[in-house]
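Below you'll find the structure, written out as structure tokens, and then a few comments.
A note on names: the letters A, B, ... follow the listed sequences, proteins ahead of strands, and every chain is numbered from 1.
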2 protein chains.
Amino acid sequence: MEISERKKKILAAVIEAYIATAEPVGSKYIAESGGLDLSSATIRNEMAELTAMGYLDQPHTSAGRVPSPKAYRLYVNELMERQRLSIEETEAINRSLCLKMQQLDKLMSDVGKLASSLTQYPAVALAAPIAATISRFDLIYVDVNTIIAVAMLSNNTVHNKLLNLPFSVDQGLVQRLASVFNTNFTDISEDKITPSMISSAECACGDTMGLTSVIAAFAIDTLRKAKEGAAVVAGASHLLRQPEFRDPDKAHEILSYLSDSEHLLGLPDVGEDDDIQVLIGPENVAKELKDSSVVIARYNAGDNMRGIIGVVGPTRMDYSGVAAKLRYIASWLSRLLGMPEAPRGFEKLQIKEMTIDEHQEDKN
Amino acid sequence: MEISERKKKILAAVIEAYIATAEPVGSKYIAESGGLDLSSATIRNEMAELTAMGYLDQPHTSAGRVPSPKAYRLYVNELMERQRLSIEETEAINRSLCLKMQQLDKLMSDVGKLASSLTQYPAVALAAPIAATISRFDLIYVDVNTIIAVAMLSNNTVHNKLLNLPFSVDQGLVQRLASVFNTNFTDISEDKITPSMISSAECACGDTMGLTSVIAAFAIDTLRKAKEGAAVVAGASHLLRQPEFRDPDKAHEILSYLSDSEHLLGLPDVGEDDDIQVLIGPENVAKELKDSSVVIARYNAGDNMRGIIGVVGPTRMDYSGVAAKLRYIASWLSRLLGMPEAPRGFEKLQIKEMTIDEHQEDKN
DNA sequence: TACTGGCACTCTCGCCTTCTGAGTGCTAAT
DNA sequence: ATTAGCACTCAGAAGGCGAGAGTGCCAGTA
């Protein structure tokens with residue numbers, strides 16, 4: 001059956017009322033809240049039809065109506081207005097983001113916190129690096145039994161490790177090793193590094209003490225780490241303020257689900273960059289989330305990595321507001337991480353300018 | 001008034017029963033649970049006196065008794081048996097710890113998770129580095145506008161940063177800069193680096209493009225980061241399973257308190273290494289924790305840093321079990337982090353051996 | 001004197017009943 | 001097509017009741 005314009009208006013009104021109050025909404029409430037000039041009886045009839053069509057549920061005979069997941073879906077697809085952030089909100093975001101350019105997981109955690117405090121829902125932030133290879137090796141000779149191994153990766157990050165050796169090495173060996181690793185161990189992925197490669201490298205530079213395998217272990221470790229994504233949950237406790245999670249068992253179920261980063265890394269990875277994806281109730285694959293909704297924004301950090309930042313809440317969620325905030329944060333992240341990292345003597349200032357620019361662009 | 005031996009026994013029985021059941025315990029229950037051969041009436045009289053002395057509380061006239069914080073304090077000080085971990089438990093811990101030697105905050109997070117899953121309470125792990133200075137600079141020339149800055153710190157960690165320069169540099173300059181920084185910027189703390197130092201370094205090596213200040217910014221940043229502690233909360237959701245936190249408002253209060261790392265870093269920093277500290281209810285300074293208890297173990301990672309790992313729960317907490325587990329983890333951490341880091345081709349094996357050693361030592 | 005059995009008393013908790021009111025569906029009137 | 005009106009339903013609050021757990025105290029016993 002077709003859904004008339006008027007029905008849509010009523011449905012939107014019901015959804016918005018329910019989002020605001022978390023209580024079943026009755027026909028009288030809608031009639032009186034203005035917007036539509038109809039009597040409660042008319043609205044009642046329409047609501048009865050909407051119920052028949054599966055857009056509204058009735059907790060019991062004499063209660064008001066509650067939107068079904070199907071209704072929310074229609075709402076986010078068609079009905080909901082794309083909300084603009086107010087200047088104040090934008091500036092609040094800018095203010096909290098402007099001093100952050102740092103290690104990846106610290107950044108993730110800060111971004112998660114920001115998203116959570118803005119939306120008042122638990123937020124997850126994750127970053128999944130795209131496969132990287134080592135593009136350059138350096139070995140810094142510190143003293144006879146200390147060297148620093150430095151590996152620069154194809155994604156323009158640099159990893160290092162301090163190696164305290166239980167034996168002495170001479171600078172010549174270290175140099176030979178560095179050049180051997182630079183020729184043989186660059187531009188290959190972790191699983192391509194075989195024991196035989198290592199032992200032939202060992203021969204090539206006359207290493208009798210096993211330093212080669214130490215360096216190789218470092219290389220493998222580095223590549224492995226680079227593949228690992230970072231996942232962070234922030235503001236989990238916000239969930240407890242939502243009426244639908246006042247039941248501690250429900251809350252526990254979700255919170256413990258979220259606290260396992262395995263689960264987070266499995267969050268949907270499709271969709272386009274800088275766009276918002278909403279998963280409503282049963283649309284979630286994880287059964288723990290079947291009663292909740294997830295709003296996800298994807299960002300793209302150049303070729304290095306991609307990530308998502310999302311928010312978890314009840315199906316009765318302020319989709320419009322959350323989407324606007326996440327969209328803004330995600331586009332901000334795309335810029336920050338996507339652009340080649342320029343050296344900064346005065347980091348704060350530079351980033352500040354950038355975000356102001358963006359804000360103005362957005363307006364045009 | 002003196003507290004007799006028998007009272008202590010009864011008190012311990014009450015506390016243990018309450019820890020196990022979370023319900024007010026009555027005289028009859030104690031009488032029947034064996035251990036003491038006394039009638040319920042006698043126990044009743046003793047309990048009445050314990051109540052008068054402030055060790056027990058009565059929710060209402062006809063309910064059983066509940067231990068007061070004072071009782072718990074006596075319990076942890078005198079009554080509680082120092083629990084040994086079973087072989088199975090030790091091995092479970094070893095198993096989950098043996099594959100971890102990695103970046104600090106990742107390690108913290110893993111340790112927190114471990115503590116939390118062992119104790120079934122939320123756990124906090126924090127590490128506070130002791131002030132460090134840079135002990136060695138290296139600049140790796142990658143190409144005309146890319147260099148990698150590497151700084152080795154006095155605490156034997158190494159930091160690096162990839163610098164993409166908006167101008168071209170020649171290798172000579174880079175070398176000169178490295179040596180200038182090595183002589184002037186090592187072994188000093190962050191606040192000792194002044195703009196005039198930077199400009200004189202700039203002159204010294206004939207830098208006309210501002211590369212010096214970029215490197216200096218890196219140095220400052222590195223020192224600043226090295227000072228920062230890492231704080232992590234894990235398993236927060238476990239709290240919701242405790243009957244005393246089934247009230248979502250209470251749970252929310254504590255969880256949001258814990259999720260702010262500012263608060264965590266303020267956790268008590270006194271006490272001796274490898275020993276356990278217990279803060280019961282009102283002994284906590286933070287008012288959010290006045291109804292909860294915190295068990296803290298301190299570990300010492302050589303000269304580099306010290307940290308604590310703790311567990312938060314209701315005052316009715318399995319102090320003995322938690323203490324035993326934390327003590328074990330802390331001593332493990334002290335060893336892992338305290339010893340100079342040896343290079344490891346076969347990391348897992350080495351660590352595995354170490355923990356087995358410890359376990360055996362502990363037994364003797 | 002120290003312990004115990006017994007007993008009356010208190011108070012929470014769970015259960016049942018009743019009552020209220022919000023909200024509905026339907027019908028008849030506009 | 002819309003609306004006013006009305007009977008109906010049902011969840012949840014309010015009140016009353018009884019059961020049971022636990023206490024305090026007293027008198028009796030070893």
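Of the side-chain N and O atoms in R65(A), one or more sit less than 4.0 angstrom from OP1 or OP2 of dT24(C). In this model, the phosphate group of dC11(C) is approached by a side-chain N or O of T61(B) to a distance below 4.0 Å at OP1 or OP2.
Between the side chains of Y29(A) and T21(A), no donor-acceptor pair of N or O atoms lies under 3.5 Å. Between the side chains of Y55(A) and E49(A), not a single donor N or O lies within less than 3.5 Å of an accepting N or O.
Put simply, CG on L56(A) is 10 Å from P on dT24(C), counting in whole angstrom units. A straight line from CD of E49(A) to P of dC26(C) spans 12 Å, rounded to a whole angstrom. Taking atom CE of M47(B) as the reference point, atom P of dT4(C) lies 15 Å away to the nearest angstrom. Rounded to whole angstrom, the span from the CG atom of D57(B) across to the P atom of dT23(D) amounts to 14 Å. One can place NZ of K28(A) at 12 Å from P of dG21(C), the figure rounded to the nearest angstrom. Computed from coordinates, the L36(B) CG to dT4(C) P distance equals 11 Å when rounded to whole Å. Between N45(A) atom CG and dT2(D) atom P the separation is 10 Å, expressed in whole Å. Separating the NE2 atom of H60(A) from the P atom of dA22(C) is a distance of 12 Å, rounded to the nearest angstrom.
At the heavy-atom level, A63(B) lies under 4.0 Å from the strands shown only through sugar-phosphate atoms. Within 4.0 Å of S40(B), counting heavy atoms only, lies no atom of the nucleic acid at all.
When distances run from any side-chain atom of A41(A) to the nucleotides dG25(C), dA4(D), dT2(D), the shortest one goes to dA4(D). Comparing atom distances between the R44(B) side chain and each of dC7(C), dA22(C), dG25(C) picks out dC7(C) as nearest.
DNA chain C is contacted by both S39(B) and S62(B); S39(B) maps to the nucleotide lying nearer its 5′ end (nearest heavy atom per residue). Judged by closest nucleotide on DNA chain C, L38(B) is the one of P24(A) and L38(B) placed further toward the 5' end.
A 6.0 Å sphere centred on NZ of K8(A) holds more than 12 heavy atoms belonging to other residues, nucleotides or ligands.
A salt bridge links K325(B) and E89(B); the closest N-O separation between the charged side-chain nitrogens and carboxylate oxygens is under 4.0 Å.
In this structure a side-chain-to-backbone donor-acceptor pair under 3.5 Å is present from S320(B) to E81(B).
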